[in-house]
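Working notes, beginning with the structure itself.
Since this is a predicted model, take the numbers as computed values, not measurements.
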Amino acid sequence: MPDTDPGSRETGGRGTGVVLHVPHASRLIPADARASIVLDDAALEAELDLMTDSFTDVLAERAVAALGGRVDIEVLAAPVSRLAVDVERFPDEREEMNAVGMGAVYTRTHDGSLLRDAGDPSLVTRYADPHARAVRDAVAHHLERDGAAVLLDLHSYPLCQLPYEIVPEGSPRPEICLGVDEVHTPPELVALARGAFAGFDIEINSPFAGTYVPLDFYGIDRRVSSLMIEIRRDVYMDEASVEMHDGSSRVVRAIAALNEAVAPRRFR
């Protein structure tokens, strides 16, 4: 039967492996990062509650388990909290979040209060760079083996806008925000995500836009496809108690369905 979809096609064999990236689930702050943070322990725990994409690593792992090995998925979760170092920030002047003290190493909290006096570039070297290399190497492996790579970038965000967010006041805060890039997110990938998350309220690039691509490939290699998945936290957890609830099962099923739909296809 001829291929009726010119933008993507079945690969035949095992298909294209998926890198499921989880950058902000960790609450771990190593001692060398904690030393520069001025908050006391109670205030730091409260800040972690607000700024951590809690349980996104659990959602990812449960989605993988639900697929029972039918799909080649590698989950890569950042090893430390974003309050230690944010693995998805540009480490230089390209980063727009520098404007609110939230570049690679945060100096401000969610509401603009002081987190640390100055950013420590050595934290990037110790914690962000090795993680970036691991993601790069995973993507490179799939490019070499399969001729294509898919990265799904998993995040969450609170129901109510936080002061640090560089988004227009009153922007939609849907249950699911899909972040896309004009080079690295083919329309077919967005369509598959809409299908997997059918029944959820979905917006594109609102309130957050874009998606993560390792810098070695960003804007250079169109064989690397990427999509950010932002889940509004109340959909799967109680934000006040920081506990998962039954809604998480629905999210897990959708993530699993998307991975299963994506893996046997190529988008370039």
Has the side chain of [X] got a donor or acceptor atom that lies under 3.5 Å from a matching backbone atom of [Y]?
{"X": "T52", "Y": "S54", "value": "no"}
{"X": "D86", "Y": "G103", "value": "no"}
{"X": "D153", "Y": "M228", "value": "no"}
{"X": "H110", "Y": "Y164", "value": "no"}
{"X": "R116", "Y": "Y106", "value": "yes"}
{"X": "R136", "Y": "V139", "value": "no"}
{"X": "D146", "Y": "G17", "value": "yes"}
{"X": "T185", "Y": "E182", "value": "no"}
{"X": "E260", "Y": "V71", "value": "no"}
{"X": "S226", "Y": "Y212", "value": "yes"}

Practice problem: Any chance you could measure E61, atom CD, to T56, atom OG1, to the nearest 0.5 Å? | Solution: 11.0 Å
Quiz prompt | Rounded distance [0.5 Å steps], CD in E95 versus CE in M102 | solution = 11.5 Å
Exercise. Using a cut-off of 6.0 Å, state whether more than 12 heavy atoms not belonging to F90 lie near its atom CZ.
Key: yes
Self-check item: R250 charged N/C atom sitting above F200 aromatic ring, 6.0 Å / 45°
Solution: yes
Exercise. Measure across R232 and R173 and return the closest heavy-atom pair with its distance rounded to 0.1 Å.
Key: NH1-O, 2.8 Å
Do you reckon [X] sits in the same ILVMFWY cluster as [Y], going by side-chain contacts under 4.5 Å, direct or chained?
{"X": "V180", "Y": "L20", "result": "yes"}
{"X": "V85", "Y": "V100", "result": "no"}
{"X": "L154", "Y": "V235", "result": "yes"}

Exercise. Would you check if there is a donor-acceptor pair between the side chains of E88 and H21 at a distance under 3.5 Å?
Key: yes
Self-check item: Ion pair D216/R133, N-O distance below 4.0 Å
Solution: no
